[in-house]
A.B. asks: 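Right, I'll just put the structure down here and ask away after.
For the numbers below, each heavy atom of this structure counts, side chains included, while hydrogens, waters and symmetry mates do not. Atoms within a ligand are numbered from 1 in the order they appear, just like the ligands themselves. This one's a predicted model, so the numbers in the text were calculated from it and none came from an experiment.
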Amino acid sequence: MHVAGAIHADVNNAGPQWLRVPNDLNALDSKLWSLTVRRDPDGVLSCGGLKATEAMAEQGSPLYLLDEEDFRDRARGFRDAFAGWQVFYAGKAFLSKTIARWVQEEGLCLDVSSGGELTVALAGGTDPARIAMHGNNKSVAELELALRSGVGRIIVDSLDEIGRIERLCSDNNWQARVMVRVTAGVEAHTHEYIATAHEDQKFGFSISNGQAMVALVRCFYSPHMELLGVHSHIGSQIFDTDGFEVAARRTMKLMAQFSDATGHHLPELDLGGGFGIAYTSVDDPATPDSLARGLREIVAHEAQSYNMAEPLMAIEPGRAIVGPTMMALYTVGTVKMVDLDGGSQRLYVSVDGGMSDNIRPALYAAEYSAVLANRASDQPAVLCRVVGKHCEGGDILVRDVFLPSDITPGDVVVVPGAGAYSREMASNYNHLPRPPVVAVRDRQLSPLVRRETLDDLMRLDVGE
Ligand SMILES: Cc1ncc(COP(=O)(O)O)c(C=O)c1O
């Protein structure tokens, strides 16, 4: 199908202001794509030396394709830039046994936030001492699994939890290594951060109302706990270090006050994750090297101003490692032109996945981009919306993107930067089986998570 007329991008751009008409629809903006992605001379997109079309022929559609070389490279990038700090890969972004193994092979520690993630990490061979256990409402069973496995640290989040840990330790003669999660009164998102006095959210102990100090003192004097230090996480998709500066100032002031009150120097500070990635061409995230430079300066400065030794520092990047490493491949099923106000038009491109495999656009209006992957096209750009197959108007995968006007059923559309909080947040809405995650390296495909089948879904339905 060739779409002609007023919808052509050069004639009528009804997209958002930030969206530029690409000079070349076949070009790949390197900051959006993983290390080994190319457009081959025949126009087909390839990753790890394997064409997207070959990967789909072997593994079906839709498909999450993970570039192993890229994952390892980004993990090493953080490890090397933050040498001397502990780097915990945040498994909540995406976790499987193989990922847990790669994380350990590349010298990173692992942060988990449920008993399920902990089970995967342990099954993947992660040294329990290198695991941090998170969660604002860890069950007794989850805490018991963490303590029995000997995880390196539990990040405590409430006085109720501290009581549960003490009971478990006292009953079983265990000792828990803990950090106290505090809310530093900073909310960071992309370019903006807000420093506030009150914290209206479920995580952590407030520094400003004194709860954080109460929790620290309680853990410190508990016979069942070894208190390692303070943990703070300020937000997500953060592009610079301004928010971390405020968080470091407030957490290190708390550590200095704790030291004044008890005579004990808390040895560790974890500043959490949240480092941003490029989802569209207008995003310009910082590199691990520049983040590390900024954060090191901030910590050194704050330590000096509170006259304290620099703590052993930790960070927890998730998205910034696995996000750009994975792309989502979909097959186009239908294309439909829709009239917009003001006489412009938009082409709705429906694919064989949707909000069940990537809820982020529907959940918090996350932006993505997309390209045609099974061929090049010399046709003009047309404003498109890539949508899924669910019974929901908000079932959008890419809200605004320019694709070639000859896009047609059977084409393959690929969404870059789809590795974090997409397949990991997937659901079975409309009883769609969830797509697989398959790694590629040197033309070899290796499934990390297999495709779900209707039989898998039917096994859960135990009714008559
Ligand atoms: C405590 C904590 N650490 C790390 C992360 C990872 O964040 P990101 O994937 O944005 O780096 C999160 C994300 O929610 C988090 O809550």
A.B. asks: Donor-acceptor check, side chain of D352 to backbone of T331, threshold 3.5 angstrom: yes or no?
C.D. replies: yes
A.B. asks: For A286, is there any backbone N or O sitting under 3.5 Å from a side-chain donor or acceptor partner on S290?
C.D. replies: no
A.B. asks: To the nearest 0.5 angstrom, please state how far the CG atom of L143 sits from the CZ atom of R148.
C.D. replies: 12.5 Å
A.B. asks: So, are R450 and D456 salt-bridged, with charged N and O less than 4.0 Å apart?
C.D. replies: yes
A.B. asks: Which parts of the protein, at residue level, reach under 4.0 Å of ligand 1 through a heavy atom?
C.D. replies: A90, K92, D111, H134, R181, H231, H233, G273, G274, F275, E316, P317, G318, R319, Y421
A.B. asks: Testing the 3.5 Å rule here: is there a donor-acceptor pair between the side chains of Y368 and R399?
C.D. replies: no
A.B. asks: Please round to the nearest 0.5 Å and tell me the distance separating atom CZ of F220 and atom CD of E226.
C.D. replies: 11.0 Å
